[in-house]
Amino acid sequence: MKIVVTPRGFAKCGLDNAKIIEDAGFLLEYNNTGNAYAKEEFYQKTMDADGVIVGVETVDRAYIDAHPQLKAVVKFGVGTDNIDVDYCRQKGIFVGRTAGSNSQSVAETAISFILADSKNLYESIAGTRAQGWSKLTGYEIAGKVIGIAGFGAIGKKVARMAFGLGMKVLAYDPYALDPEAVKRYEVESVGFEELLQRSDFVSLHIPLTPETRDLVSMRELKMMKSTAVLINTARGGIVNEEALYQALRDKTIRSAYFDVLSHEPPRQDEPLLTLPNFYLTPHIASRSKEAEKNTADMATQIIIQALKQKA
Ligand SMILES: NC(=O)c1ccc[n+]([C@@H]2O[C@H](COP(=O)([O-])OP(=O)(O)OC[C@H]3O[C@@H](n4cnc5c(N)ncnc54)[C@H](O)[C@@H]3O)[C@@H](O)[C@H]2O)c1
């Protein structure tokens, strides 16, 4: 059986796994081009694959129908919104993900955004590079309120770090926040509206699903403090970007730090990128050597087990 691995992180940080896959009796092809596969390339390279480890490539009905030999799809990461999980199930295709493999890195990114905003780091460094010496006044993080939406692997790590910085931590998760977790992580469990109203920082750590699409729209942005910062390291589409543009332009909220956008890379005329209080990184929250190694190790084990069961 053949396994194809498309994410570049495998070649960069997880190559120990090539031997493990081959020793387990599989043929292996992985992406060592340094570039993401274009759609046609992805279709073609995986044409005879029994299992694929994918990044952000779209695994929809069309892809699944075009690859009838496929038995297992494993996400090199945790968000499976690019995979038609229901259709895979219907076709008997195993779907896996590397739960928790990159949670430390993503949590650190969310916290970095808070630190950057509070000390005006981006403006100050850009200012000195431009020969300026303007002394902006920031604010302290200790004592501020962070609202964490989604209390899974990443949300929990953000909670721990924020608590360590002296922040008050609110959490919202209708599926995973039990009294034991509330106590262990020293958070206050609140409803989503209360989280929006009380937080100085709102940090999103939920999956993109039909339920969470546009979860934060104008109504929700208006509930936030005018000094609040919105952080999205989860997925584009959870925040309605037209509403966000208006809210940032009109100072309904202070600023937004995003690692993700509904269209990646952004269109050349993306309005959000014209705003001085919108900060975007190119979907790098999980890109640390450690996270990519963890992810490659976990994805390897998951796909080997899944395909052995199908043999
Ligand atoms: N930017 C990046 O590079 C990057 C990397 C990893 C993950 N992510 C995104 O972050 C998300 C969270 O990752 P994780 O590892 O913590 O996943 P996880 O599955 O461990 O946790 C997700 C949590 O969200 C909760 N949830 C689901 N629907 C919700 C809703 N409507 N309201 C509130 N909570 C809800 C779930 O109960 C769960 O506890 C992923 O789904 C992924 O899309 C982004």
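Residue numbers start at 1 and run along the sequence shown. In listed order, ligands and their atoms are each counted from 1.
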Salt bridge (Lys or Arg N to Asp or Glu O under 4.0 Å) for Lys45 and Glu41? Distances and angles first, verdict last. CA-CA 6 Å; Lys45 295 259 185 209; Glu41 216 176 354; 5.0 Å; no
Ligand 1 to Glu211, heavy atom cutoff 4.0 Å, flagged ligand atoms 31 (N)
What atoms of ligand 1 come closer than 4.0 angstrom to any heavy atom of Gly150? 24 (O), 34 (N)
Just to confirm my output: which protein heavy-atom neighbour is closest to atom 29 (C) of ligand 1, and how far is it? Tyr175 CE1, 3.7 Å
Shortest protein contact, atom 12 (C) of ligand 1 (heavy atom only): His205 O, 3.5 Å
Within a distance under 4.0 Å of any heavy atom of His283, pick out the atoms of ligand 1 and give their elements. 1 (N), 2 (C), 3 (O)
What protein heavy atom is closest to atom 5 (C) of ligand 1, reported as residue, atom name and distance in Å? Val106 CG2, 3.3 Å
Which of Val74, Asn17, Ile21 passes side chain to side chain contact (heavy atoms under 4.5 Å, CB included) with Ile304? Answer is Ile21
Hey, is the main chain of Ala285 close enough, under 3.5 Å, to the side chain of Asp259 for a donor-acceptor pair? yes
What about Phe278 and Phe258, are their ring centers closer than 6.0 Å? yes
Numbering as shown, the atoms of ligand 1 that approach Arg235 to under 4.0 Å (heavy-atom distance): 8 (N), 9 (C), 42 (C), 43 (O), 44 (C)
Nearest protein heavy atom with distance in Å, relative to atom 4 (C) of ligand 1: Thr233 O, 3.6 Å
Ligand 1 contact on Ile206 by region, counting heavy-atom pairs under 4.0 Å: both
Backbone or side chain, does any N or O of Arg97 fall under 3.5 Å from an N or O of ligand 1? yes
Within reach of ligand 1, part of Phe151 (heavy-atom separation under 4.0 Å): backbone
Can you find an N or O of Asp259 that's nearer than 3.5 Å to an N or O of ligand 1? yes
Under 3.5 Å between any N/O of Asp173 and any N/O of ligand 1: does that happen in this structure? yes
Ala176: numbered ligand 1 atoms lying under 4.0 Å from its heavy atoms: 37 (O), 39 (O)
Name the closest protein heavy atom to atom 32 (N) of ligand 1, giving the residue it belongs to and the distance to 0.1 Å. Tyr172 CE2, 3.4 Å
Aromatic ring centroids of Tyr122 and Tyr279 under 6.0 Å? yes
For atom CZ of Arg254, decide whether the heavy atoms of other residues, nucleotides or ligands shown that lie under 6.0 angstrom number more than 12. yes
Could you check whether any side-chain N or O of Asp60 sits under 3.5 Å from a backbone N or O of Tyr63, counting only pairs where one atom can act as donor and the other as acceptor? yes
Answer yes if the side chains of Lys251 and Asn277 hold a donor-acceptor pair under 3.5 Å, and no otherwise. no
Quick one: look up the protein heavy atom nearest atom 7 (C) of ligand 1 and list residue, atom name and how far away it is. Val78 CG2, 3.2 Å
Step by step, would you call Asn294 with Asn102 a side chain to side chain donor-acceptor pair (under 3.5 Å)? CA-CA 7 Å; Asn294 283 341; Asn102 51 23; over 6 Å; no
Is the shortest N/O to N/O distance between Ile154 and ligand 1 below 3.5 Å? yes
Nearest to atom 20 (O) of ligand 1, what protein heavy atom do you find, and at what distance? Ala153 N, 2.9 Å
Test: Lys19 and Asp23 ion pair at under 4.0 Å: yes
Quick note on ligand 1: atoms under 4.0 Å from a heavy atom of Gly152 include exactly 16 (O), 20 (O), 21 (O), 23 (C), 39 (O)
Under a 4.0 angstrom heavy-atom cut-off, which atoms of ligand 1 come close to Pro174? 32 (N), 33 (C), 34 (N)
Between ligand 1 and Ala234, can you find any atom pair, the residue atom being a heavy atom, that is separated by under 4.0 Å? yes
Taking the inter-plane angle between the rings of Tyr185 and Phe151 on a 0 to 90° scale, is it parallel (under 30°), tilted (30 to 60°) or perpendicular (over 60°)? perpendicular
Is the shortest distance from a Lys or Arg side-chain nitrogen in Lys168 or Glu188 to a carboxylate oxygen in the other one below 4.0 Å? yes
Once the angle between the rings of Tyr257 and Phe113 is folded into 0 to 90°, is it parallel (under 30°), tilted (30 to 60°) or perpendicular (over 60°)? tilted
Heavy atom of the protein closest to atom 24 (O) of ligand 1 (residue, atom name, distance): Pro207 CD, 3.5 Å
Check against salt bridge (Lys or Arg N to Asp or Glu O under 4.0 Å), Lys2 and Asp50: CA-CA 5 Å; Lys2 181 172 177 183; Asp50 298 280; over 6 Å; no
What are the atoms of ligand 1, with element, lying closer than 4.0 Å to any heavy atom of Ser286? 3 (O), 5 (C)
